[in-house]
Every structure is written in C-alpha cells, then in structure tokens.
Chemist: 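First the structure, which I've put down as structure tokens, then a few questions once you've had a look.
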Amino acid sequence: MDEFMLIFRHEDGNKIASPEQIQIWMKQTMDWIGGIAAQNKFSGGNGLPFDDAKVVHHKNVVTNGPFGEIKETIGGYIIVKAGSVDEAVEFAKGCPVLQGDGNSVEVRKIAKGDGIH
Amino acid sequence: MFRTEYSKITAVLCKFLGIDHIEIAEDIASETFALALDTWTYKGIPENPSAWLYTVAKNKAKNQIRHNQIFKEKISGNIKYLSGEDVSSEIDLSEKNITDSQLQMLFAICHPSIPPEAQIGLALRILCGFGIDEISNAFLSNKETISKRLIRAKEKLRSEKVQITSIPASEINGRLETVLKTLYLLFNEGYYSESKDAILREDLCLEAIRLTRQLVENKETNLPITNALLSLMCFHASRFAARKNENGEIVLYHDQDETLWNQGLINKGAHYLRQASQGKIISKYHLEASIAYWHTIKNDSQEKWESILQLYNRLLQLEYSPIAALNRTFALSMANAQLPNDHGKKIAIIEAEKLQLTTNHYYFTLLGILYKGIDHEKSKNNFQKALSLAKSQTDKKTIMRYLSED
C-alpha cells in the first residue's frame with residue numbers, strides 16, 4: 001500500500017463565496033474525507049489558509065501570496081493510502097473542490113524514504 | 001465482589017511487597033478468596049465480608065513474609081527481623097491507601113517499557129481482577145497468548161525495577177494515554193460483554209468509572225481528556241436499565257424506553273463533558289462523548305444526525321475502526337433522511353458497499369437496514385449473510401428480529 005498526496009488547487013473561496021456557501025463546502029469536504037477514512041484509507045491532511053501566505057524567491061525576494069495563477073493556488077491537501085495511483089485518482093474524483101471549473105486535484109505519490117526514491 | 005476486593009488486596013500488597021513480588025500478592029489474594037469460599041459456604045457470609053477478607057489477607061501476608069524472612073536470613077543473615085505485628089500494622093487496607101495504591105499500581109503497570117497490549121492485560125488482571133479467559137475474550141485472543149504476555153510483562157516490570165510510588169508530574173502526561181485506554185477497554189468489555197450469564201457486566205463498567213473518577217479526583221490527572229473519558233462512560237452507563245429487557249436480552253437503541261435512562265448519569269456526563277472542553281486538544285474520547293451526548297436525545301432530527309455524522313468523520317480521521325466506519329455510514333443515511341425517494345439511504349448504500357467489511361456481521365446488518373424499503377431481496381440476503389456470520393445469541397436474535405419485520 002502506497003501513500004498519495006491529493007493536492008487541491010483552487011481560488012480563494014473567501015473572495016468568491018458567502019460564508020454560508022463556504023460552510024457547505026466545508027461540510028462536503030468533511031463528508032468526503034470521512035468516507036475515505038471510513039475505508040481506513042486516510043493518512044492525514046490539512047487546509048492551507050490563503051492569509052499569511054508568502055513566497056520566497058531566488059535571492060530571498062519575498063512576495064505576497066502565491067496568487068499569480070489565481071485558480072492554481074494550493075488550498076489544502078490530504079494523504080490517502082492506495083494500492084495504485086488509479087485508486088488514489090478515484091478518491092480524488094470525489095473532492096468537492098472539483099465543482100469549480102478550472103480547479104484541480106493533483107495526485108502525487110509520496111516517496112517512501114526507503115532510499116529508492 | 002470478587003473482582004473489586006481481589007484487585008484492592010492485590011494493589012495494596014503489591015505496593016507493600018514491591019513489584020518483585022507481584023505473583024505473591026496475587027497468590028495471597030487468590031488464596032484469601034479460596035478460603036472465603038470454603039468458609040462462607042459452611043458458616044454463611046460474615047457481617048462485614050471485606051473486613052474478613054482483609055484480615056485473612058494480612059495474616060497470609062504476615063506468614064509469607066515471616067517465611068521469606070527466615071529464608072533470606074538463612075542466606076544472608078543480616079536482614080533486620082520484622083515481627084508479624086509490624087507487618088500487620090504496616091499493611092494498610094484503609095480506603096485512602098487502597099485508592100493511592102490502585103492509582104500508583106495503574107501507573108506502574110502503564111510503564112513505557114511495557115507494550116500497550118500487555119499493559120492493558122496486566123491492568124485487567126491485577127487492578128480489575130479479570131480472569132485469564134476473560135482477558136483473552138476482551139482481546140479476541142487465546143489463553144496461552146495472554147498468559148505468556150502477562151508473564152513477560154511481569155518480568156519486564158521486575159527487570160526495569162518499576163516502583164509502585166507516586167508518579168513525577170513530568171511523566172504523567174506520557175503515561176496517562178495508556179491508562180485511559182486501559183480504562184476505556186475495561187468499560188467496553190463490560191458494556192459489550194457477550195457473556196451469557198450477564199449480558200451487561202454492569203459491575204465492570206462501574207469499576208472502570210470508579211477508577212476513572214479517581215483520576216479526575218486526583219489533581220495531577222484531572223485533565224480534559226480524563227474528563228472526556230469519564231463523560232463518555234457516564235452517558236453510556238445511563239442506558240444500563242433500558243438496554244436489557246426482563247429476559248436479559250439486549251434492547252436496541254430505538255426500542256428503548258427512555259424513561260428508564262438514568263438522568264443523574266446523563267447530567268454527570270454533561271458535567272464532565274463541559275470540564276473536558278476546557279483544553280485545546282480534541283481527543284477521540286471528546287468525540288465519542290459528544291456522540292454519546294447526542295444519543296441521550298431520543299428524538300431523531302436532522303441536526304442530531306448531522307452532528308453525529310460530522311463527529312464520526314473526525315473520529316475516523318483520528319483513529320479508524322470498523323464499527324466507527326459502519327456507524328458513520330448509518331449516520332450518513334439518517335442525516336439525509338429528509339431527502340425524497342430514499343435518496344439518503346441510496347447515498348449511504350454506495351458508501352457502505354465501499355467498506356467491504358465482508359467478515360463483519362454488522363456490515364451486512366447495516367446493508368440489510370439500508371436496503372429495506374428499496375430492494376426487498378437485497379435486504380433479506382444481507383440479513384441472512386449477517387445471520388450466518390453472527391456468533392453470539394444476542395446478535396442472532398437481533399438479526400432475526402430484522403428479518404421478521406420484513
């Protein structure tokens with residue numbers, strides 16, 4: 001069983017939606033994660049708030065955000081256990097972030113730290 | 001009676017004799033009870049059975065020490081002689097010393113050098129007076145494995161020279177987790193006992209509550225997580241009377257007469273839950289206590305089941321268990337019960353079938369319930385699969401009832 005990180009890329013919800021709408025997305029996300037955890041396939045995860053975000057560039061130039069490409073900002077991630085990348089992709093398909101056109105979930109295998117990767 | 005007094009005597013004697021002589025303490029406690037059984041059968045139960053037991057235990061300890069003393073003196077010749085009277089007066093079976101000894105014993109057993117499973121086994125044996133077969137039942141293991149585990153754990157306590165003494169404050173946090181887990185398992189063993197002679201081992205649950213309350217009453221261990229566990233136990237225990245009918249059979253939650261729920265224990269549960277909410281850390285006990293709180297409200301509402309669903313979502317992220325996964329899926333169907341055309345159940349069926357807990361009879365029972373009113377054949381087939389997997393009579397009866405309701 002490998003671990004895969006599902007990385008959510010989307011706009012800052014606070015800029016485009018009401019607090020009520022955000023509540024609904026939160027609930028959908030919790031239900032989605034709960035469904036994965038109920039299959040004993042959840043390893044961890046976190047949201048990444050859009051405030052207090054900086055990017056440190058070459059020569060230590062610091063800018064606000066990573067908000068250049070507005071729909072490609074990382075807003076959070078979860079780590080799932082899956083037998084294959086395809087299984088991890090099936091989990092990703094249920095992610096509520098994908099309701100937004102242009103949003104995406106990137107699926108990446110986590111290196112095992114066994115010296116091979 | 002046996003378990004409680006056995007554990008009190010063992011804890012006090014262990015503390016007195018030192019962890020090296022844990023088996024001697026256990027033997028003295030066992031012999032005391034064997035003698036009680038013989039004597040009481042002829043003469044009747046004495047007026048104060050506990051006092052009788054303590055006197056006998058003290059005398060046996062006295063003889064043991066004298067014997068040991070002579071033995072040691074012969075070998076080393078320089079050990080100070082301890083008279084029998086000194087021993088009697090030093091073995092303190094007062095309520096306070098019993099409490100202190102049991103708490104210190106609890107923490108000694110939960111020493112970092114002992115694997116958690118062995119800690120739990122030792123606590124069940126020494127502090128709760130469980131038999132080996134009961135412990136193996138609780139662990140779904142066999143007697144030999146458990147016996148070996150206990151022997152190894154006792155050897156480890158000796159080789160690590162673990163002291164039965166008050167725990168430094170700096171070590172309490174690290175060890176409390178195992179202590180609480182042990183008490184949690186003890187409570188569950190009582191609450192979900194499949195034993196025929198007593199479906200509900202109420203005394204075991206009360207023992208777990210008693211030990212947890214001792215931790216809450218102790219300043220160093222009175223932490224939010226301890227309160228959360230005690231709250232959980234109180235909420236569950238409030239349904240003792242309602243969970244069993246006059247034939248000793250389990251009454252399912254929805255069929256329970258809520259006037260039999262113990263309001264006093266519900267209030268206590270709420271009190272400890274408030275105490276528990278004062279910290280920043282949300283443990284699985286906080287989540288389970290909150291779920292148990294919602295179950296003290298009998299009427300189904302969207303708010304109730306949505307809250308329960310979200311609590312299970314979080315619980316499963318902290319710690320997976322098949323039963324939490326199944327309960328979460330049931331909560332999902334109830335939280336969406338207001339949707340037309342059984343849509344709530346249909347959502348839950350999709351989620352349920354992903355769980356693939358095909359050796360678990362609760363899995364098929366849940367599917368049977370969800371398919372009810374949607375697909376009669378599938379509902380029936382699932383209940384029948386559940387029936388073929390169920391082991392206890394209680395579970396079989398419950399499933400039969402579902403089948404007959406069709």
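Note: hydrogens, waters and symmetry copies are ignored here, and every other heavy atom, side chains too, is used. Please read all numbers here as calculations on a predicted model, not as lab measurements. Reminder, nothing fancy here: chain letters follow the sequence lines and each chain counts from 1.
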Chemist: Specify the closest pair of heavy atoms between B/L355 and A/A38, including all atoms of both residues, with the distance to one decimal.
Modeler: CD2-O, 3.2 Å
Chemist: Of all heavy-atom pairs between A/A37 and B/L316, which one has the smallest distance, and what is that distance?
Modeler: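 What the structure gives for the nearest pair is CB-CB, 3.6 Å.
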Chemist: Please report all inter-chain donor-acceptor pairs (under 3.5 Å) between chain A and chain B, with distances to 0.1 Å.
Modeler:
| from | atom 1 | to | atom 2 | distance (Å) |
| --- | --- | --- | --- | --- |
| A/K27 | NZ | B/E306 | OE1 | 3.2 |
| A/K27 | NZ | B/E306 | OE2 | 2.9 |
| A/M30 | O | B/N313 | ND2 | 3.3 |
| A/D31 | O | B/R328 | NH2 | 2.8 |
| A/D31 | OD1 | B/Q310 | NE2 | 3.0 |
| A/D31 | OD1 | B/N313 | ND2 | 2.9 |

